[in-house]
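Written out below as structure tokens is the structure these notes cover.
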Amino acid sequence: MSVKLYNTLTRKKETFIPIEEGKVKMYVCGPTVYNYIHIGNARPAIVFDTVRRHLQYRGYDVMYVSNFTDVDDKLIRAANELGEEVPAVAERFIEAYFEDTEALGCQRADVHPRVTENIELIVAFISELVNKGFAYESGGDVYYRTRKFDGYGKLSHQSIDELKVGARIGAGEKKDDALDFVLWKAAKEGEISWSSPWGEGRPGWHIECSAMARKYLGDSIDIHAGGQDLAFPHHENEIAQSEALTEKPFARYWLHNGYINIDNEKMSKSLGNFVLVHDIIKEVDPQVLRFFMLSVHYRNPVNYNRELLDSAAASLDRLKIAYDNVKHRKASSTDLTENNDQWLEKIEAHHTRFLQEMDDDFNTANAISVLFDLSKDANVYLLEDHTATAVLDAFLSKFEDMFFVLGLQVKQEELLDEDIDALIQERNEARKNRDFARADSIRDQLKDMNIILEDTAQGIRWRRG
RNA sequence: GGUGGUAUAGCCAAGCGGUAAGGCGCAGGUCUGCAAAACCUUUAUCCUCGGUUCAAUUCCGAGUACCACCUCCA
């Protein structure tokens, strides 16, 4: 079984064949760290983390690199507004990025390179492009000579002449051609800068990814990913830079995730409808946000609002409760029942289908539906008078595997405070004495403490609401 | 002007040439002291109009609506 993925470059779903067998070199464009990440930043983080997890589950050794843009116009502006230095602002929001994405279940990249730690590398990259005639200096800036690169537009499938129609040409441009883009920006008075053959300045936006991807992953990489909006011009420019320099294909597969809308409107500053992960996870379990994102295919648009998130929370709960239902039953399970094999086969079939769905361009929406099927089967199985430990274990282990691939966690076992435990005992006594008024009152009391009790044939159990 | 996306039940969302997965919600039922959890049942003229086909939600054409990229943006 092989993984298939939709390649923006070819506009086709292709069988994934890595450059080096068993290994995946993957680069995901990371954020500019001038603020907390919003849910639009969270989508690629979650989606491509899931891609990575699945490839790993499929046995690939994945080298995952994701950058931080820690110097650029937005950062300089933010620093000025905050009255702080650029590095301090960047550092703070990098920390925040790690906090937020970790909460969302994203594994850290193998390397998180930063622009400011790779200036020399970037300068060397630009110099080579200048030497090869693909770049030129102009008034302290360095520009990429876009028309010189034959394949320009191959990712976004635009012809270079049509691009020109839409391109805006700002006043006072130092470019030879409107399509040229900046590789090195001359520093303005007081701006953070580094020295270079062209004077004090800093890297342009696109060059960092070309340089850093090459440094950590080599001239040619397997998967390059990011948000849909990055396809043009960012990724297009990366291709131009990298391939002009190395004369090798930069990335084999280009993956782009779709947008997020808020209440069917584009998230934008002017509308004031930015939703920061930092804020939302104070109110909602971060896993719910992850689950919500994964419940839609990664290339399709996602509409966001609180109601939809609450609905996702209810869905996730069903899955987690099903898992708990199975776990709870283990204490009273036996070694043998009649239909073990039949159930084990069913469970295995679900797992197989889950992987097939993931193999098919990471169809997490369908993969999640398999999880619901597994839950249904688990609950149906628990209807039987006797359950086998082997079957319960199989349910649990497959649940855990699938949850792991999706980056979700099944509920952790927790201990209750003694006084809560005492309340449960007291209610138990009350029930035995058929003092239901007292029993119900205790149950309500616990509910106010966010603890939901369930009386089952196998005894009382509780969970957090 | 160029490029692309989306339109499927109250809501979310897969699918895709043979007559619609899954979830949330709603309603009814079973179980329960009552609940909870769970199970069962119910819930869709697949945007419109043409065309191709034995057969189209699925392909083609023309529309309509919404969205995005072509400028910083996930």
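Since the model is a prediction, treat every value here as computed from it, not as a measurement. Values reported hereafter were calculated over all heavy atoms of this structure, with side chains retained and with hydrogens, waters and symmetry mates removed. Reminder, nothing fancy here: chain letters follow the sequence lines and each chain counts from 1.
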* Asked: Are the ring centres of Phe93(A) and Tyr36(A) closer than 6.0 Å?
  -> yes
* Sequence neighbours excluded - salt bridge (Lys or Arg N to Asp or Glu O under 4.0 Å) pairs with any residue from residues 297-310 of chain A -> Glu283(A)-Arg306(A), Arg299(A)-Asp361(A), Arg306(A)-Asp310(A)
* Using atom C1' of each nucleotide, how far apart are G15(B) and A20(B) to the nearest Å? -> 8 Å
* Electrostatic pair Lys330(A):Asp393(A) at N-O distance under 4.0 angstrom -> yes
* Less than 4.0 Å between a side-chain N and a carboxylate O, is that true for Arg431(A) and Asp435(A)? -> no
* Asked: Can you check the Asn261(A) CG to A7(B) P distance for me, whole Å?
  -> 13 Å
* To do: Pull out every stem in RNA chain B, meaning runs of 3 or more consecutive Watson-Crick or G-U wobble pairs with both distances under 3.5 Å.
  => B:1-7 with B:64-70, B:10-12 with B:22-24, B:27-30 with B:38-41, B:47-51 with B:59-63
* Residues two or more places apart in sequence or in another chain: which of them pass side-chain contact (heavy atoms from CB on, under 4.5 Å) with Val111(A)? -> Met63(A), Val65(A), Pro113(A), Tyr216(A)
* Can you check the Asn257(A) CG to G5(B) P distance for me, whole Å? -> 16 Å
* To do: For Ile260(A), answer base if it contacts any base atom (sugar-phosphate contacts may also be present), sugar-phosphate if it contacts only those atoms, and nothing otherwise; contact means non-hydrogen atoms under 4.0 Å.
  => base
* Not counting sequence neighbours, which residues clear side-chain contact (heavy atoms from CB on, under 4.5 Å) with Asp176(A)? List them please. => Tyr136(A), Arg145(A), Asp180(A)
* Rounded interatomic separation in angstrom, taking NZ from Lys74(A) and P from C72(B) -> 9 Å
* **Given G15(B), C70(B), A38(B), the nucleotide with the shortest approach to the side chain of Asn366(A)** => G15(B)
* Asked: Mind checking the P distance from U41(B) to A21(B)? Whole angstroms is fine.
  -> 14 Å
* If you look at every strand shown and take non-hydrogen atoms under 4.0 Å, does Gly40(A) touch a base, only sugar-phosphate, or nothing? -> base
* **With sequence neighbours excluded, residues passing side-chain contact (heavy atoms from CB on, under 4.5 Å) with Lys376(A)** => Arg318(A), Val380(A)
* Asked: How far, in whole Å, is U53(B) from C11(B) if one measures between their P atoms?
  -> 37 Å
Tell me which donor-acceptor pairs under 3.5 Å the side chains of residues 99-107 of chain A have, and how far apart each pair is, sequence neighbours excluded?
{"residue": "Thr101(A)", "atom": "OG1", "partner": "Tyr97(A)", "partner atom": "O", "Å": "2.8"}
{"residue": "Thr101(A)", "atom": "OG1", "partner": "Phe98(A)", "partner atom": "O", "Å": "3.4"}

* Interatomic distance where CG belongs to Leu155(A) and C1' belongs to C69(B) [whole Å] -> 12 Å
* To do: Decide, yes or no, whether a salt bridge links Arg147(A) with Asp177(A) under the criterion of side-chain N to carboxylate O below 4.0 Å.
  => yes
* **Carboxylate-amine/guanidinium contact Asp70(A) Arg114(A), below 4.0 Å** => no
Under 3.5 Å, side-chain donor or acceptor atoms of residues 222-235 of chain A against the rest of the protein: list the pairs with distances, not counting sequence neighbours.
{"residue": "Asp222(A)", "atom": "OD1", "partner": "Ile19(A)", "partner atom": "N", "Å": "2.7"}
{"residue": "Asp222(A)", "atom": "OD2", "partner": "Lys25(A)", "partner atom": "N", "Å": "2.8"}
{"residue": "His224(A)", "atom": "NE2", "partner": "Glu238(A)", "partner atom": "OE1", "Å": "3.2"}
{"residue": "His224(A)", "atom": "NE2", "partner": "Glu238(A)", "partner atom": "OE2", "Å": "3.4"}
{"residue": "His234(A)", "atom": "ND1", "partner": "His206(A)", "partner atom": "ND1", "Å": "2.9"}
{"residue": "His234(A)", "atom": "NE2", "partner": "Glu238(A)", "partner atom": "OE2", "Å": "2.9"}
{"residue": "His235(A)", "atom": "ND1", "partner": "His256(A)", "partner atom": "NE2", "Å": "2.7"}

* To do: Check every atom of C70(B), A68(B), C24(B) against the side chain of Ser315(A) and return the nucleotide holding the closest atom.
  => C24(B)
* Asked: Quick one: His38(A) NE2 to C72(B) C1', roughly how many Å, whole number?
  -> 12 Å
* Structure fact -> Whole-Å distance, His206(A) NE2 to U71(B) P, equals 10 Å
* **Whole-Å C1' distance, G23(B) and U30(B)** => 23 Å
* Under the side-chain contact (heavy atoms from CB on, under 4.5 Å) rule, collect the residues that match up with Asp444(A), sequence neighbours excluded. => none
* Asked: Which residues, if any, of residues 292-312 of chain A bring a heavy atom under 4.0 Å of RNA chain B?
  -> Ser295(A), Val296(A), His297(A), Asn300(A), Leu308(A), Ser311(A)
* Between Lys4(A) and Glu14(A), is the closest basic N to carboxylate O distance under 4.0 Å? -> no
* How do Glu357(A) and Tyr6(A) order along RNA chain B: which one's closest nucleotide is nearer the 5' end? -> Tyr6(A)
* **Contact residues, residues 369-379 of chain A to RNA chain B [heavy atom, < 4.0 Å]** => Ser369(A), Phe372(A), Asp373(A), Lys376(A), Asn379(A)
* Asked: In B/S/- notation, 5' to 3', how is nucleotides 29-36 of chain B contacted by protein heavy atoms closer than 4.0 Å?
  -> ----BBBB
* 5' precedence on RNA chain B between Gln228(A) and Asn363(A) (nearest-nucleotide basis) -> Asn363(A)
* To do: State which residues pass side chain to side chain donor-acceptor pair (under 3.5 Å) with Ser193(A); sequence neighbours excluded, sorted by chain then number.
  => Glu200(A)
* To do: May I ask you to decide whether Asp317(A) forms a salt bridge with Lys320(A), counting only side-chain N to carboxylate O separations under 4.0 Å?
  => no
* For atom P, what is the distance between A62(B) and G2(B), given to the nearest Å? -> 13 Å
* Taking only Lys NZ, Arg NE, NH1 and NH2, and the carboxylate oxygens of Asp or Glu, determine whether Asp72(A) and Arg202(A) approach each other closer than 4.0 Å. => no
* Considering only the C1' atoms, how many Å lie between C59(B) and U52(B), rounded to the nearest integer? -> 8 Å
* Please give, in whole Å, the distance from C24(B) P to Lys320(A) NZ? -> 15 Å
* Asked: Of all the nucleotides listed (C39(B), U3(B), A68(B)), which has the minimum atom distance to the side chain of Leu383(A)?
  -> C39(B)
* Asked: Are any of Arg77(A)'s side-chain N or O atoms less than 4.0 Å away from OP1 or OP2 of C72(B)?
  -> no
* Taking atom C1' in both A9(B) and G22(B), what distance in whole Å separates the two? -> 13 Å
* Asked: To the nearest angstrom, how far is Gln158(A) atom CD from G1(B) atom C1'?
  -> 11 Å
* Nearest-Å distance once atom C1' is located in both A65(B) and U8(B) -> 16 Å
